Every structure is written in structure tokens, then in C-alpha cells.
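Report on the structure given below.
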Number of protein chains: 2
Amino acid sequence: MENQTQNAFRALADPTRRDIVQLLAVQDMTIGQLTDRFDMTRAAVKKHLTVLSDGGLISVEVRGRERINRLEPLGMAPVLDWLSYFDQFWDDRLNSLKEAVERKSK
Amino acid sequence: MENQTQNAFRALADPTRRDIVQLLAVQDMTIGQLTDRFDMTRAAVKKHLTVLSDGGLISVEVRGRERINRLEPLGMAPVLDWLSYFDQFWDDRLNSLKEAVERKSK
DNA sequence: TTAATATGATACCAAATGGTATCTCATTTG
DNA sequence: CAAATGAGATACCATTTGGTATCATATTAA
């Protein structure tokens, strides 16, 4: 799917997909198991898994007739990289905000 | 707009909006200035700014007939919070990956 | 005050998105 | 083998999204 930063951010933009990521952080799961946790069809969950896979956030291990979905830590890297670009900015602004609050409280 | 985590993630899901965030990290800009940087109409840029504003990522200061758009560091907090939930997970997985690679290279 | 500038608002459109229903295929299991 | 199970694929649908065109409004400048 080419642009990993875009695909990863896109994958995280949906609340159901973020929930899936959190569930898979606890343990690997099949589509069937995931579907049990949501109020939607297996086909819908499958679509979300495809988007997560395109984003590099999960991988699938075929095991007999089951597919084990597993979180891929490397997939989050582009997101963290992009965000880290602002580390200094956030720090500076948050610090000046904090200082402003402290000045006011005197 | 209520759900800040969702709105912030949604705001970051579009490449144009991420570019806007990066531009505003360098300096505050009006819509007109931002529009000069993109190959789209002012109306389109305005829509992106609205989404960024809903996500709490920018604020606007009215100044005469101009509107100064400025990055809001606090807006990124819900995103960083959500991601930080996985810090330990990423660390563990990346470490075991690293170890696996090292074992293989022996 | 009139014209230019900076922006907002709205109607409209094509494409993408999130979902269902349905059919097929592969692997277990009785 | 036959039936049940787990999953993929596709067609279809309503809504959202990203964009344009156009018109209206407020402020600044001539």
C-alpha cells in the first residue's frame, strides 16, 4: 500500500479500529473472536482488519482454517515519528502555558 | 464537538491537514497564506481548518479582517495519551524482535 | 465613500467509507 | 464422506469526505 504514514494514520482514525488495536494488544485474536466483541458483522470487522493491515499495524498468521491477527509494533513507527517532530514544539508551548498559569496564580 | 480523541485522530488522518499542522508549527498563518501553499481553493483549506479546530489542534485569533491560525499544543494530548497506552507493548515487542535478529545473526 | 481585500457560508458533486447480505471456499469433525 | 465451522469476496447501500463554484460580509485603503 505504499505510503505507510498515511495508511497508519488513516487506520487509527476510526474508533472501531482503535478498539481492535487495544484488544489485540492484550492478546492475538481471530476475526471470529473480534466479531464477538463488536456489534457488527464479520464482513465489517474484516474490512477494518484490512485497513489495519494496510497500515502495517497488524499481521495475520494462517493456522488451519483460522487466521490469527496480531499487532505489529513496527507499524506504529511512522505515526510516532511524525508526532515526534513536534516534541520540542509541544514542550515549549506547554511550558509557556504552564508558566503563564503559574504567573496568574500569584 | 465532544469526543476529543476521535476528533483529534480524525483531524490527523488527512495528509493536507498534517501538512497544515507542520506549516503552523513553523509560524502562525492566515487562511490566505495557507492557501498559497496548497493546490486547492480557500474553501477547501477552510474546511480542513474547521476539522483541525474541531480536533482542538488549532485556534483562531481574529485580527481586523484577518484570522490568525495557530497550533494548539494541548490538542495533541488525547492522541499522545492514547498512543502512550502502548508504550510498554511496543518496547517489549521491539526488544524481542531485536533479540531475535541478534540470535539469527550469530 | 468606493474599491479592494480577507474571510465566511452554502449548495453541489464525485469518490471514499463503513456497513450489510449473500455466496463461495477451505478445513475440521462426526 | 457429509456436515459444521471459520473465513474470504463481492455486490450493494447510505453517509461522510474532500473538493469546487458562487455569493455574502466585514475591514482596510485609495
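The sequence lines fix the lettering, A, B, ..., with proteins before strands; numbering per chain opens at 1. The shown structure was predicted, so the numbers you read here are calculated from the model rather than taken from an experiment.
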**OP:** Please lay out, stage by stage, how A:His48 and A:Met40 fare under the test side-chain contact (heavy atoms from CB on, under 4.5 Å).
**Re:** CA-CA 11 Å; A:His48 285 306; A:Met40 65 181 73; 4.0 Å; yes
Original post:
Under 4.0 Å between a side-chain N or O of A:Thr16 and OP1 or OP2 of C:dG18?
Top reply: no
Original post:
Under 4.0 Å between a side-chain N/O of A:His48 and OP1 or OP2 of C:dT17, yes or no?
Top reply: no
**OP:** Take A:Gly64 and A:Ala44, find for each the nucleotide of DNA chain C with the closest heavy atom, and name the residue whose nucleotide sits nearer the 5' end.
**Re:** A:Ala44
**OP:** Identify, between A:Asp39 and B:Ala43, the residue whose nearest nucleotide on DNA chain C lies closer to the 5' end.
**Re:** B:Ala43
**OP:** Whole angstrom is fine here: how far is it from CZ in A:Phe38 over to C1' in C:dG18?
**Re:** 14 Å
Original post:
OP1 or OP2 of D:dT20 less than 4.0 angstrom from a side-chain nitrogen or oxygen of B:Arg42, does that happen here?
Top reply: no
**OP:** Verify whether one side chain among A:Ser59 and A:Glu72 offers a donor that lies under 3.5 Å from an acceptor in the other.
**Re:** yes
**OP:** Could you tell me whether the phosphate oxygens of D:dT17, OP1 or OP2, come under 4.0 Å of any side-chain nitrogen or oxygen in B:Arg10?
**Re:** yes
Original post:
Which is true for B:Arg63 with a 4.0 Å heavy-atom rule: it touches a base, it touches only sugar-phosphate, or it touches nothing?
Top reply: nothing
Original post:
Does A:Arg65 make a side-chain donor-acceptor contact with the base of D:dT5, cut-off 3.5 Å?
Top reply: yes
Subject >> Whole-Å gap separating C1' (C:dA26) and CD1 (A:Ile31) >> reply: 15 Å
Original post:
Would you say a side-chain N or O of B:Thr41 is under 4.0 Å from OP1 or OP2 of D:dT20?
Top reply: yes
Original post:
Starting at CG of A:Asp36 and ending at P of D:dG6, how long is that distance when rounded to a whole Å?
Top reply: 10 Å
Subject >> Rounded distance in Å - CG (A:Asn7) to P (C:dT17) >> reply: 10 Å
Original post:
Can you check the B:Met40 CE to D:dG19 C1' distance for me, whole Å?
Top reply: 8 Å
Original post:
Side-chain N or O of A:Lys47 less than 4.0 angstrom from OP1 or OP2 on C:dG18?
Top reply: no
Original post:
Is a salt bridge present between A:Glu61 and A:Arg70, judged by a nitrogen-to-oxygen distance below 4.0 Å?
Top reply: yes
Original post:
Roughly how far, to the nearest 0.5 Å, is CG of A:Asp54 from CD of A:Gln6?
Top reply: 11.5 Å
Subject >> Distance (rounded to the nearest 0.5 Å) between A:Leu23 CG and A:Thr16 OG1 >> reply: 10.5 Å
Subject >> Atom pair distance, as rounded to whole Å: CD in B:Gln6 and C1' in D:dT16 >> reply: 12 Å
Subject >> Rounded distance in Å - CG (B:Leu12) to P (D:dT17) >> reply: 15 Å
Original post:
Separation of B:Arg67 atom CZ from C:dA9 atom P, in whole Å?
Top reply: 9 Å
